[in-house]
Amino acid sequence: MAGERCLLDIAAAAVCDRGGLGLMARKQHIAIFTTASLPWMTGTAVNPLFRAAYLAKAADWEVTLVVPWLSKGDQALVYPNKMKFSVPGEQEGYVRRWLEERIGLLPKFDIKFYPGKFSTEKRSILPVGDITQTVSDDKADIAVLEEPEHLTWYHHGRRWKSKFRKVIGVVHTNYLEYVKREKNGYIHAFLLKHINSWVTDIYCHKVIRLSAATQEVPRSIVCNVHGVNPKFIEIGKLKHQQISQRKQAFFKGAYYIGKMVWSKGYTELLQLLQKHQKELSGLKMELYGSGEDADEVKASAEKLNLDVRVYPGRDHGDSIFHDYKVFINPSTTDVVCTTTAEALAMGKIVICANHPSNEFFKRFPNCHMYNTEKEFVRLTMKALAEEPILLSEELRHELSWEAATERFVRVADIAPIMSIKQHSPSSQYFMHISPDELKKNMEEASAFFHNAISGIETARCVFGAIPNTLQPDEQQCKELGWRLQG
């Protein structure tokens with residue numbers, strides 16, 4: 001027995017001494033940073049929340065979701081129904097209740113807040129100060145940057161790659177497509193393309209692009225790592241059962257749901273309907289959405305000689321949507337459209353453009369893609385006259401967050417392992433610089449330059465930052481319990 005114990009002690013010592021490695025028996029920590037939070041119903045609020053929950057559910061990592069905190073003035077501009085929170089804990093409670101209603105018993109994960117401000121020009125939330133400090137150094141294993149370019153455009157502070165052992169970016173938004181639609185858009189898109197490549201290169205070890213609709217950036221891979229809220233899959237199972245029993249599952253015709261701004265597919269949709277009113281006669285189409293362009297969209301719809309009605313936005317899981325048979329989504333600005341995935345999960349027929357953003361959906365028999373306007377008309381009328389094909393269990397699983405999490409872990413290369421503490425061995429070749437070391441040195445110099453530029457208030461404002469956002473103000477520090485820096 002003593003000899004056996006001696007062998008175990010020797011083996012343990014060998015593991016500790018081999019190559020100067022010290023083994024720390026703890027799970028890796030994953031910190032997921034994102035650019036929005038509920039109750040703002042946007043993709044970067046919802047999808048990272050589900051990612052955090054399902055990674056925590058796997059129980060192989062400690063998980064923290066890091067979301068922006070807005071002061072009440074900005075909350076009024078962003079959150080629906082004049083919803084406001086006095087302290088971060090109040091908003092955290094709302095987020096957890098929303099999630100529990102959709103997935104049941106909550107897995108254990110933390111939620112932390114960083115200071116943010118809403119940019120009315122960009123219609124998005126931008127970080128304030130160095131948000132890497134929301135995670136302590138002893139938990140800085142893996143960072144997931146949801147919208148890495150957005151989180152790093154104006155980043156000034158600790159370098160992400162220095163703070164975290166591994167940094168994974170997940171690109172959600174086709175920024176270039178949005179910018180092209182603005183005044184002097186192609187010039188701005190050219191500049192933004194290079195800025196996006198620069199910041200993702202210096203701050204991310206690897207980047208996951210949800211579809212090929214996004215721009216190529218260094219060390220990137222295309223993979224859809226999003227799933228759908230499980231309630232949509234349950235709705236689809238119920239419809240499957242009704243069809244199997246030869247009951248009528250769908251009582252309504254066609255609809256579209258999306259934030260009511262022209263760039264979210266409404267331009268393309270109303271142009272198609274306007275140009276082909278005669279061929280589409282008899283079509284009853286209902287649009288659901290809220291947004292800055294809602295009045296203009298409604299006015300344009302009322303000019304059509306078709307039965308097109310416009311309603312305020314609502315949750316896609318609302319029972320009002322269960323009985324629609326056809327989901328029409330001509331948008332080409334999305335990266336992977338969440339509502340398209342939800343419609344397919346609910347067993348509906350989807351009509352969408354043959355576009356890189358829809359590549360993931362090509363395997364689904366109920367997804368009909370058009371290349372021309374004539375094809376759009378033909379497929380729409382055909383879909384209204386036929387019944388959806390029953391979704392297989394395999395394809396239903398592909399839409400789930402379980403499958404999305406499996407894909408994420410695989411392409412991000414973050415298989416669960418115990419954390420390893422590496423001691424830098426002394427080098428015998430002080431004068432030799434390998435190509436990898438040279439590349440690393442150049443990257444660090446580039447990051448140093450970005451940090452220097454992002455610390456100059458004038459330069460920040462020239463490139464579109466919100467003024468005075470190098471550090472959080474006194475009000476936000478008080479709300480977050482942060483110490484005000486001098």
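FYI, the numbering just counts along the sequence from 1.
- By the 4.5 Å heavy-atom criterion applied to side chains, Asp473 and Asn468 are not counted as neighbours.
- Using a 30° and 60° split on the angle between ring planes, Phe364 and Phe361 fall in the tilted class, from 30° to 60°.
- In this structure, Ser263 and Thr333 approach most closely via the heavy-atom pair O-OG1, 2.7 Å.
- Of the possible polar contacts, none joining the Arg102 side chain to the Lys231 backbone as a donor-acceptor pair under 3.5 Å is found.
- Looking only at side-chain heavy atoms (C-beta outward), Pro148 and Trp160 stay at 4.5 Å or farther from each other.
- In this structure, the ring of His450 has its center less than 6.0 angstrom from the ring center of Tyr203.
- To the nearest 0.5 angstrom, His172 atom NE2 is 10.0 Å from Leu145 atom CG.
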**Item:** Verdict with supporting geometry, Gln215 and Ser197, side chain to side chain donor-acceptor pair (under 3.5 Å)
**Value:** CA-CA 9 Å; Gln215 73 171 88; Ser197 290; 3.3 Å; yes
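- Of the possible polar contacts, one joining the Lys325 side chain to the Glu386 backbone as a donor-acceptor pair under 3.5 Å is found.
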**Message:** Let's go through Tyr154 and Phe463 carefully: what are the C-alpha distance in whole Å and the side-chain angles of both, what is the deciding distance for ring pair (Phe, Tyr, Trp, His ring centres under 6.0 Å) to 0.1 Å, and is it a yes or a no?
**Reply:** CA-CA 9 Å; Tyr154 311 111; Phe463 286 99; 8.2 Å; no
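- Taking the side chain as every heavy atom from C-beta outward, Leu272 and Pro330 approach each other to under 4.5 Å.
- Side-chain contact between Val326 and Thr380 is absent, with no heavy-atom pair separated by less than 4.5 Å.
- Within a 6.0 Å sphere centred on CG of Asp295, other residues, nucleotides and ligands contribute 12 heavy atoms or fewer.
- Just one of Glu398, Glu393, Glu394 meets the side chain to side chain donor-acceptor pair (under 3.5 Å) condition when paired with Arg396; it is Glu393.
- In terms of heavy-atom proximity, Ala52 sits nearest to Leu65 at CB-CB, 4.1 Å.
- With hydrogens and angles disregarded, a donor-acceptor distance shorter than 3.5 Å links the side chain of Arg51 to the backbone of Val225.
- Here the CD-CG distance, from Gln241 to Leu390, works out to 11.5 Å after rounding to the nearest 0.5 Å.
- Summarising the geometry, atom CZ belonging to Phe360 is positioned 13.0 Å from atom SG belonging to Cys337; distances are rounded to the nearest 0.5 Å.
- Looking at every heavy atom in both residues, Val179 comes nearest to Ala189 through CG1-N, 3.5 Å.
- Judged purely by atom type and a 3.5 angstrom limit, Ser220 has no side-chain atom pairing as donor or acceptor with the backbone of Glu216.
- Counted by atom type alone, Glu146 and Asn47 present zero donor-acceptor pairs between their side chains at under 3.5 Å.
- No donor-acceptor pair closer than 3.5 Å links the side chain of Asn366 to the backbone N or O of Leu344.
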**Request:** Under the side chain to side chain contact (heavy atoms under 4.5 Å, CB included) rule, what do Trp40 and Phe118 come out as? Steps first, then yes or no, please.
**Result:** CA-CA 12 Å; Trp40 194 12; Phe118 182 68; 4.1 Å; yes
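- More than 12 heavy-atom neighbours from other residues, nucleotides or ligands sit within 6.0 angstrom of NZ on Lys166.
- Between Glu100 and Arg96 no salt bridge is recorded (no basic side-chain N to carboxylate O distance below 4.0 Å).
- A donor-acceptor pair is defined here as one N or O able to donate and one able to accept, closer than 3.5 Å; such a pair exists between the side chain of Gln75 and the backbone of Leu70.
- Heavy-atom contacts from other residues, nucleotides or ligands closer than 6.0 Å to CD of Gln245 number more than 12.
- Between the side chains of Trp401 and Asn229, no donor-acceptor pair of N or O atoms lies under 3.5 Å.
- A donor-acceptor contact under 3.5 angstrom links the side chains of Tyr178 and Lys264, judged on distance only.
- Pairing each heavy atom of Trp153 with each of Val199, the nearest pair is CD1-CG2, 4.4 Å.
- Inter-residue side-chain proximity for Arg123 and Val261 is flagged as met; some heavy-atom pair is nearer than 4.5 Å.
- For NZ of Lys478, the number of neighbouring non-hydrogen atoms (other residues, nucleotides, ligands) closer than 6.0 Å is 12 at most.
- With rounding to the nearest 0.5 Å, the separation of OH in Tyr311 from NZ in Lys298 is 9.5 Å.
- The closest side-chain heavy-atom distance from Val297 to Trp262 is below 4.5 Å.
- Side-chain contact between His155 and Thr132 is present, with at least one heavy-atom pair separated by less than 4.5 Å.
- A donor atom on one side chain and an acceptor atom on the other are not found under 3.5 Å apart for Glu182 and His188.
- With sequence neighbours left out, Glu149 forms a side chain to side chain donor-acceptor pair (under 3.5 Å) with no residue at all.
- Once rounded to the nearest 0.5 Å, the distance linking OG of Ser331 with OH of Tyr266 reads 10.0 Å.
- Within the model, atoms CD of Glu90 and CZ of Phe85 stand 6.5 Å from one another, a figure rounded to the nearest 0.5 Å.
- Annotation for Arg246: atom CZ does not count as buried by contact number, only 12 or fewer foreign heavy atoms lying within 6.0 Å.
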**Request:** Show your working on side chain to side chain donor-acceptor pair (under 3.5 Å) between Lys117 and Ser71 and close with a plain yes or no.
**Result:** CA-CA 8 Å; Lys117 287 191 180 294; Ser71 292; 5.7 Å; no
**Message:** Checking Asp323 against Lys239 for the side chain to side chain contact (heavy atoms under 4.5 Å, CB included) test, could you report, in this order, the C-alpha distance in whole Å, the side-chain angles of both residues, the deciding distance, and whether it holds?
**Reply:** CA-CA 9 Å; Asp323 295 333; Lys239 293 297 181 183; 2.8 Å; yes
**Request:** Just do the side chain to side chain contact (heavy atoms under 4.5 Å, CB included) check on Gln91 and Tyr79 with the steps written out, would you?
**Result:** CA-CA 11 Å; Gln91 186 169 1; Tyr79 299 150; 3.1 Å; yes
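- The number of heavy-atom neighbours closer than 6.0 Å to CZ of Phe251, taken from other residues, nucleotides and ligands shown, is above 12.
- Annotation: side chain of Pro472 is in contact with side chain of Trp482 (closest heavy-atom distance under 4.5 Å).
- With a 6.0 Å cutoff to the six-membered ring centre and a 45° limit on the axis angle, Lys348 does not count as a cation-pi contact of Phe250.
- Relative ring orientation between Phe327 and His316 is described as tilted, the plane-to-plane angle lying within the 30° to 60° band.
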Per-pair distances, 0.1 Å, donor-acceptor, side chain in residues 301-310, under 3.5 Å, sequence neighbours excluded:
unit_1: Asp307; atom_1: OD1; unit_2: Arg309; atom_2: NE; d: 3.0

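- A donor-acceptor pair is defined here as one N or O able to donate and one able to accept, closer than 3.5 Å; such a pair exists between the side chain of Ser211 and the backbone of Ala213.
- The minimum heavy-atom distance between Ala353 and Asn358, with the atom names listed, is O-ND2, 2.8 Å.
- A salt bridge does not link Lys259 with Asp293: none of the charged nitrogens is closer than 4.0 Å to a carboxylate oxygen.
- Looking only at distances, a side-chain donor or acceptor of Lys122 sits under 3.5 Å from a matching main-chain atom of Gly464.
- Of the possible polar contacts, none joining the Ser290 side chain to the Pro312 backbone as a donor-acceptor pair under 3.5 Å is found.
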**Message:** Run the side chain to side chain contact (heavy atoms under 4.5 Å, CB included) test on Val170 and Phe408 for me, step by step, so that the C-alpha distance in whole Å, both residues' side-chain angles and the decisive distance to 0.1 Å come before the verdict.
**Reply:** CA-CA 10 Å; Val170 181; Phe408 176 78; 4.1 Å; yes
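- In this structure, the side chain of Arg219 engages the main chain of Cys204 through a donor-acceptor pair within 3.5 Å.
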